[in-house]
Structure formats: structure tokens, C-alpha cells
Trainee: 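Have a look at this one.
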Amino acid sequence: MTDMNRTEGASGVLDTLSPDRVDKLFHSPALRHLFQENASNEYALIWLLSKHTKDTGSDKIYLKDMVRELGLPMSKVSAIAHSLQDKGLVRWTHDGSGEEGTYILLTETAITSVRTQRQALRDYHQRVVAAYGEEKFLHLLGEITQLEEIMRQEAEKEADTHGKP
């Protein structure tokens, strides 16, 4: 089997996983650092807006929602948004007079950057699965799923024993 065929096979395996599952299996701080072009908080804000757009269909996210999602103070989120705006990655604007709150939108430059980073990560994931072996990877996924289920059941038993929800 050629490397190209192995990569195509890996793509099929990865397509069966939810994005959350892929994140859990492959993403680490070291990997994020390897692929990101922006500082951590900037990358997180761009990723959050990109995910929000994909999940909701809305291309804008209010600063107050970013504060809640990122767990950062408003002043920090505002500073990050200003930095991203200065780099041409977001547009910061508001509805009406701004009383409803301000929001940011990704620019085409940021959208292209996110797509490029996602494709680079997808290619990386495919190479990892191909190098590890598709059959071994599928077996490992089954083992992880079984372990997660056992852990969930034991946590429920522990909560029931101590009367916690």
C-alpha cells in the first residue's frame, strides 16, 4: 500500500469521528503551538468565532459572548480583538448605536487562515493514522470508548454513593 493510499484510508477513518473526538485524540498544547500562526489568545478568539459561525450560521459574535466563552475579562478580550483588527483579521463593529453591544466578524484573510490551519491539522491527523495503522487505530478507538464508558459508569456510582447529582 502506498503512502497516498494509506492517507486516503486514514481520511475515511477520521471522517467517522466527531470533531470533538478528533480534538480529544490529537490536539495538545504542543500541537496547537506547532500549527498556529497567532498568539494563543488571538488563535483562541479566531477559533471561537470560526466555530460560532459554523455552529450558528451567524458570522458575528458579541464581545460579551466571547468573554463568557473564553473565560477572560472584557478588557483582555477587547485588547485581543483590537490586536486582531490591527492585523486585518477581524472587523469590530456594532448594531445601531452600539447600545446592544459590539461584535466582531472574521475578515476573508482570517477565514483563509482558519481553512489553511484546519487542512494542515487534517493532513497531520491522516498521516498519524496512516503511520500508526488504520486497523490498530480503530482498535484503539474501541478501547478508548470502552474505557470512557467504564469511567462514566464509575463516576455515576460514586455520585450516587455520595448523594451528588
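Quick caveat, the model's predicted, so the values are computed rather than measured.
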Trainee: Calculate, to the nearest 0.5 Å, the distance between atoms CD1 and CD1 belonging to Ile111 and Ile46 respectively.
Mentor: 10.5 Å

Trainee: Which pairs would a plain distance check flag for residues 67-79, meaning a side-chain donor or acceptor within less than 3.5 Å of a matching protein atom at least two apart in sequence or in another chain?
Mentor:
from	atom 1	to	atom 2	distance (Å)
Arg68	NH2	Asp65	OD1	3.1
Ser78	OG	Met74	O	3.0

Trainee: Write down the atom of Leu49, the atom of Asp59, and the distance for their closest heavy-atom approach.
Mentor: CD1-O, 4.1 Å

Trainee: Kindly give the cluster partners of Tyr103, where membership spreads through any ILVMFWY side chain lying under 4.5 Å from a current member.
Mentor: Tyr62, Leu105

Trainee: Quick one: side-chain contact (heavy atoms from CB on, under 4.5 Å) partners of Glu154, sequence neighbours excluded?
Mentor: Ile150, Lys157

Trainee: Between Thr102 and Thr93, does a side chain to side chain contact (heavy atoms under 4.5 Å, CB included) hold up when you go through it step by step?
Mentor: CA-CA 6 Å; Thr102 61; Thr93 190; over 6 Å; no

Trainee: Just jot down the side-chain hydrogen bond (donor to acceptor under 3.5 Å, both in side chains) partners of Gln146, sequence neighbours excluded, or say none.
Mentor: none

Trainee: What pairs of residues pass the salt bridge (charged side-chain N to carboxylate O under 4.0 Å, His left out) test when at least one of them lies in residues 135-147, not counting sequence neighbours?
Mentor: none

Trainee: I'd like to check the side-chain contact (heavy atoms from CB on, under 4.5 Å) partners of Glu149; sequence neighbours left out, ordered by chain and number.
Mentor: Arg152, Gln153

Trainee: Can you name the side-chain contact (heavy atoms from CB on, under 4.5 Å) partners of Thr56, sequence neighbours left out?
Mentor: His52, Ser58

Trainee: Can you tell me which residue pairs pass the ring-ring contact (aromatic ring centres under 6.0 Å, His included) test with a partner in residues 139-158, sequence neighbours excluded?
Mentor: none

Trainee: Is the shortest side-chain heavy-atom distance between Ile61 and Ile104 below 4.5 Å?
Mentor: yes

Trainee: With sequence neighbours excluded, what pairs up with Gln119 under the side-chain hydrogen bond (donor to acceptor under 3.5 Å, both in side chains) test?
Mentor: Asp123

Trainee: Mind checking the CZ-CD1 spacing from Phe137 to Ile144? Nearest 0.5 Å is all I need.
Mentor: 7.5 Å

Trainee: Name all residues meeting the side-chain hydrogen bond (donor to acceptor under 3.5 Å, both in side chains) criterion together with Ser83; count only those two or more places apart in sequence or in a different chain, and write none if there are none.
Mentor: Glu42

Trainee: With distance as the sole test, does Thr116 use its side chain to make a donor-acceptor pair with the main-chain N or O of Thr112 at under 3.5 Å?
Mentor: yes

Trainee: Under the side-chain hydrogen bond (donor to acceptor under 3.5 Å, both in side chains) test, which residues partner Asp55, sequence neighbours left out?
Mentor: Lys51

